[in-house]
Amino acid sequence: MSPELAGFFTAWLLLGIGLYGLIATRHLLVVIIALQMMVKAAMLMLVVAGKLNNQLALAQSIAITVLVADTMAVVIGLAFTVRVKTQFGTLDIDQIINTEG
Amino acid sequence: MMIILSIAIVFCGFQAISSTRLLSATLWLMVVSALVATLLYRLGAWQLAVIELSVGAGLVTVLMVFAITMVGDERWMPKSGSVMLWGVIILSILLLIVITVPTKTNASPFNSTKLATILWQDRGLDAVAQIALMFAGVLGVLGILSLHHTQSAHKLKDKNMPEMPPTTKNLQL
């Protein structure tokens with residue numbers, strides 16, 4: 001199997017797993033983990049597309065931007081998670097909605 | 001080798017989602033990041049692989065473990081997926097395959113542009129935006145956490161301070 005095909009194969013399945021985690025789980029921290037996995041899949045796809053089109057440097061620079069934005073999203077998401085836990089006492093999204101409603 | 005790497009990434013990813021403890025899920029995610037970095041290196045994107053290894057497997061894992069120590073490593077039960085959920089996921093993957101398979105175009109076979117040239121010259125404005133994003137993220141987190149500390153300090157102060165008689169209050173004013 002070539003590295004490009006392996007990259008595509010991994011990215012498709014990682015995105016599916018991330019989507020499953022995003023829809024099926026109701027825990028805030030696991031939602032962040034699922035988002036991380038989807039971003040990794042997008043990054044892999046960018047690099048594979050860049051390699052196939054002989055534009056690997058451009059693809060890497062875009063992927064670095066994605067990585068920075070994703071890390072900031074994780075940092076802010078974790079800070080919100082800590083605040084939600086201290087405010088509501090739980091990280092379950094359903095319970096938070098019920099408490100608020 | 002590549003097929004083993006791909007299967008290992010997918011397996012660890014599924015373990016990260018289906019693990020019942022938060023710390024285990026975080027550690028599985030760290031393994032996914034390390035394996036993705038290996039795959040990126042094999043693809044020739046070694047600069048990105050190093051950044052992914054240090055940021056994805058290092059920094060994010062440390063931050064998540066720190067957050068778990070603050071909120072507690074509570075157990076959670078993943079919901080069993082319904083048929084519709086699996087249908088949506090399979091449909092999304094199929095759509096993605098349809099979109100990404102014809103990626104190959106007639107690009108120039110010679111492309112000697114270096115990453116540093118693209119990152120700091122061609123996309124220099126994006127680099128500045130990234131730095132601004134980092135500072136905004138750090139300031140946002142500091143704001144959120146300091147708000148929490150301020151509220152806690154006020155609560156503690158109200159709890160410890162005994163109710164003074166009105167005459168004492170007037171004297172103080």
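Looking at B:Ile90, neither its backbone nor its side chain comes within 4.5 Å of chain A, counting heavy atoms on both sides. Proximity to chain A (any heavy atom under 4.5 Å) is restricted, for B:Val55, to the side chain, taken from C-beta onward. Proximity to chain A is limited to the side chain of B:Leu39, based on heavy atoms less than 4.5 angstrom apart. Residue A:Ala73 does not touch chain B at all, counting heavy-atom pairs closer than 4.5 Å. For A:Ile17, the parts lying near chain B are the backbone and the side chain together; criterion is any non-hydrogen pair under 4.5 Å. With a 4.5 angstrom heavy-atom cutoff, A:Val74 touches chain B only via side-chain atoms.
When all heavy atoms of A:Ile33 and B:Thr26 are compared, the pair lying nearest together is CD1-N, 4.2 Å. Across all their heavy atoms, A:Thr71 and B:Leu59 have their closest contact at CG2-CD2, 3.9 Å. Minimum interatomic distance between B:Ala16 and A:Met37 (heavy atoms only, all atoms of both residues): CB-CE, 3.7 Å. Minimum interatomic distance between A:Val30 and B:Ile17 (heavy atoms only, all atoms of both residues): CG1-O, 4.4 Å. Between A:Lys40 and B:Gly56 the shortest heavy-atom distance is NZ-CA, 4.3 Å.
Most heavy-atom pairs under 4.5 Å with chain B: of the set A:Val39, A:Leu5, A:Asp70, A:Leu91, this distinction falls to A:Leu91. Ranked by heavy-atom pairs under 4.5 Å with chain B, the list A:Lys85, A:Met72, A:Glu4, A:Gln60 is led by A:Gln60. Counting heavy-atom pairs under 4.5 Å between each of B:Ile93, B:Leu96, B:Val32, B:Leu63 and chain A puts B:Leu96 at the top. For the set A:Ile32, A:Ile62, A:Asp92, the entry with the most heavy-atom pairs within less than 4.5 Å of chain B is A:Ile62. For the options A:Gly16, A:Gly21, A:Gly7, heavy-atom pairs under 4.5 Å to chain B are most numerous at A:Gly16. Counting heavy-atom pairs closer than 4.5 Å to chain A, the top residue among B:Leu43, B:Val88, B:Leu133 is B:Leu43. Chain B forms the most heavy-atom pairs under 4.5 Å with one residue out of A:Ala11, A:Ala59, A:Ser61, A:Ala79, and that residue is A:Ser61. Counting heavy-atom pairs closer than 4.5 Å to chain A, the top residue among B:Ala45, B:Ala136, B:Gly137, B:Gly72 is B:Ala45.
A single hydrophobic cluster is seen to contain both B:Met70 and A:Val31, as judged by linkage of ILVMFWY side chains at heavy-atom distances under 4.5 Å, directly or through other members. Linking Ile, Leu, Val, Met, Phe, Trp and Tyr whenever their side-chain heavy atoms come within less than 4.5 Å puts A:Phe8 and B:Ile97 in one cluster. A single hydrophobic cluster is not seen to contain both A:Leu56 and B:Trp46; linkage of ILVMFWY side chains at heavy-atom distances under 4.5 Å, directly or through other members, places them apart. B:Leu29 is connected to A:Ile76 through a chain of hydrophobic side-chain contacts under 4.5 Å among Ile, Leu, Val, Met, Phe, Trp and Tyr, so both are in one cluster. Neither B:Leu53 nor B:Leu40 shares a network with the other; the hydrophobic side chains, linked directly or stepwise wherever heavy atoms of I, L, V, M, F, W or Y lie under 4.5 Å apart, form separate groups for each.
Qualifying side-chain hydrogen bond (donor to acceptor under 3.5 Å, both in side chains) partners for B:Trp28, counting only residues two or more places apart in sequence or in other chains: none.
For the atom pair B:Met64 CE and A:Thr81 OG1, the distance stands at 8.0 Å (nearest 0.5 Å). Atom CG of residue B:Leu5 and atom CZ of residue A:Phe9 lie 11.5 Å apart, to the nearest 0.5 angstrom. To the nearest 0.5 Å, atoms CE (B:Met30) and CD (A:Gln36) are separated by 13.5 Å. Here OG1 of A:Thr10 is found 4.5 Å from CD1 of B:Ile9. Values are rounded to the nearest 0.5 Å. Atom-to-atom distance recorded for B:Leu48:CG and A:Met43:CE is 5.0 Å, nearest 0.5 angstrom. Atoms CD1 and CG, on B:Ile51 and A:Leu67 in that order, are 7.0 Å from each other to the nearest 0.5 Å.
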Verify side-chain contact (heavy atoms from CB on, under 4.5 Å) between A:Leu14 and B:Val36, making sure each step is shown before the conclusion.
CA-CA 10 Å; A:Leu14 260 187; B:Val36 167; 4.2 Å; yes
